[in-house]
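Before anything else, here's the structure in question.
Atoms within a ligand are numbered from 1 in the order they appear, just like the ligands themselves.
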Amino acid sequence: MPIRVLPPDVAAKIAAGEVVERPVSVAKELLENAIDAGADDIQVEIIQGGRRMIRVIDNGCGIAASEVELALTRHATSKLSSAEDLTHIRTLGFRGEALASMAAVSRLTIHTRTADEESATLYRMEGGAPSQRENQARPRGTTVQVENLFFNTPARLKFLKSDATEAGHVARLVSSYALAYPERRFALHHNDRLVLRTTGTGQLFDVIVAIYGLDVAEQMLEVEPREGQAGITVGGYISAPSVHRANRQDATFFVNRRWVQDNSLAYAVTEAYRSLLPAGRYPVLVINIDLPPEEVDVNIHPTKREVRFRQSGEVFGAVQKAVRTTLMAQHPVPNVATPPDWSSSWRHQQMLSRTGPFTAAQTRMAMEIQRTGDVAPLERREPADQPPLTDTMSVARLPMLRVLGQIAQTYIIAEGPGGMYLVDQHAAHERVRYEELRAQHQRAEVVSQELLDPLPVDLTPQQATLLGEHLETLSGYGFEIIPFGRTTFLVKRVPATLVDGDIAGALLEMIDAAMEGGEGFSWEDQALITLSCHTAVRAGQTLSTEEMRDLVRQLERCDLPHTCPHGRPTIVHLSRDQLEKEFGRR
Ligand code: ADP
Ligand code: MG
């Protein structure tokens, strides 16, 4: 075939395909235009998941009657005038192609009026061709309505999912922008049913309540915005480790108030939560990253959902640090009366059985003590009754505790300024060991010991492949393991603390975890977790008062004393207030 320049309508459809993939892409462009127009009241309405209709109504600056056609022309924008402007973009839009793209694949109506115009303009296009223009009254602002999306590109239509799925994407989008702009009001209706409304109070917390409900909101910790290196400021809200989800859907990131979906950012945050959440669970968070516009390139993706940082290391570091600092400063000791929702978690049960040292009865007991009601007849307290997060029991470090004794050879009972504390001896020691080992590893000081008799370990081919790839990593933790036949390995040296432990068991545990582990899995961290578990004092072991005191002192010195490396609580608290209530003293 000879080379030909494509007819404009074909070129327009192709270009539209880059920007408009499904109803949520339309909603996104319209919402961004409304925000750029300075609107503080933005209503989104969709019908049948948006395939029938998407309408965004705003009270922004409006488009002058003389510029309406221009706004619908490809590469026509009021937000950019030179290539230089591209290096410091402060608006969400700048490519000038969204309206043109949408108009090419739908029936699009704009109804708009600026503040100093007498009358409003109504302008309609059908598959990219003008079909109607008239004056029709409306207050200042703009309504853009997109109907019959993809009516002339049936291939696209086929890729759309159910109405509920498409509407779900739009709900996620509107929620995200509401989180990014707490000072503006947003509403979303699907098939005339109100899905979301925010009130524009300017408080991010209020938007979090509107989206996630009070229960979750109350367990969110504020990341106080502080300007760090390279003018990077990180703020927002992150969930306490008691709240977690099965996927990363509820991790929302904004860069200069632009919603971005960036895997490396999500990964940076998951790392900051490492060892605080059970395996395969993710936090709920809203993170605002602000930095000078020239530090970030927003022009790398047609729908602008990805960005590139000039100094990405600095940005990820700042995010990680902000999250970590917040967790360490505010993570409360779980309260006996309001335990984290652990017992219902299937993974948790699995994990309990995997940590090994518990007997069935002890496991049951550990679960029960977290389920409160079964241990002590305490009422579940209403949220309003809860002490604020800055109360004595929620400081980053543990308070000084006075050891009183041991219960069921598993829990240390102690008194502190805030009342009574129960420490799970195994979980606590795991945390202590974990931080010790990590420090030793960082200083390359892991003490390794040669086995008198090298230990052969037989594996399945899959296990052998996995282990074979990570011998190097494990050597950093004191293991010397060499291949010994196709699927057998010979263990020659181990970390000194493991010499008398179950060496094969520890190795298998790491390999199993690696097989199960998803994208966030790290051998380094798993090695630390396994070693701390296998070398920690077990439940069911009688401890002397001296040993208990030592353990509690060591726990007090930990960076993150409140959970074991698997994410289970190390300590639960019964406040004096609660005791007094229970005994009818108040
Ligand atoms: P871009 O947002 O990249 O500039 P669009 O095609 O989305 O490109 O919009 C083209 C122009 O139309 C914008 O630059 C803006 O001037 C105008 N416009 C679009 N939507 C609105 C709106 N809701 N309110 C005011 N002006 C708008
Ligand atoms: Mg735009």
Query raised in the report: Going by the atom numbers of ligand 1, which of them fall below 4.0 Å from some non-hydrogen atom of Glu97?
Result: 6 (O), 8 (O)
**Report entry** Test of proximity, Ala98 against ligand 1: N or O pairs below 3.5 Å
**Finding:** yes
Query - Atoms of ligand 1, numbered as shown, that sit under 4.0 Å from any heavy atom of Gly96 - result: 1 (P), 3 (O), 4 (O), 6 (O), 8 (O)
Requested in this report: Examine all N, O or S atoms of Asn33, backbone included, and report whether one is under 2.8 Å from the Mg ion (ligand 2).
Outcome: yes
Report task. Quick one: look up the protein heavy atom nearest atom 26 (N) of ligand 1 and list residue, atom name and how far away it is. Result ->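 Result: Ile63 CG1, 3.3 Å.
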Report summary line: If we number the atoms of ligand 1 from 1 as shown, the ones under 4.0 Å from a heavy atom of Thr77 are 1 (P), 4 (O), 14 (O)
Query raised in the report: Which atoms of ligand 1 are found less than 4.0 Å from any heavy atom of Arg95?
Result: 3 (O)
Query raised in the report: Going by the atom numbers of ligand 1, which of them fall below 4.0 Å from some non-hydrogen atom of Ala71?
Result: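 Close to Ala71: 10 (C), 12 (O).
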**Report entry** Heavy-atom nearest neighbour in the protein, as seen from atom 2 (O) of ligand 1, with distance rounded to 0.1 Å
**Finding:**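 Ranked first by proximity to atom 2 (O) of ligand 1 is Lys79 NZ, 2.7 Å.
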**Report entry** N or O pair under 3.5 Å between Ala76 and ligand 1
**Finding:** no
Query raised in the report: When you look for heavy atoms under 4.0 Å from ligand 1, do you find them on the side chain of Asp58, its backbone, both, or neither?
Result: side chain
Requested in this report: Could you tell me the residue and atom name of the protein heavy atom closest to atom 14 (O) of ligand 1, and the distance to it rounded to 0.1 Å?
Outcome: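 Checking every protein heavy atom, the shortest distance to atom 14 (O) of ligand 1 gives Ser78 N, 3.0 Å.
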Requested in this report: For Gly93, counting its heavy atoms only, list the atoms of ligand 1 lying under 4.0 Å from any of them.
Outcome: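 So the answer, numbered in order with elements, is 2 (O), 3 (O).
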Query - Nearest-contact summary for atom 7 (O) of ligand 1 - protein heavy atom, Å - result: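 Result for atom 7 (O) of ligand 1: Asn33 ND2, 2.8 Å.
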Query raised in the report: For atom 22 (C) of ligand 1, which protein heavy atom lies nearest, and how many Å away is it?
Result: Thr142 OG1, 3.7 Å
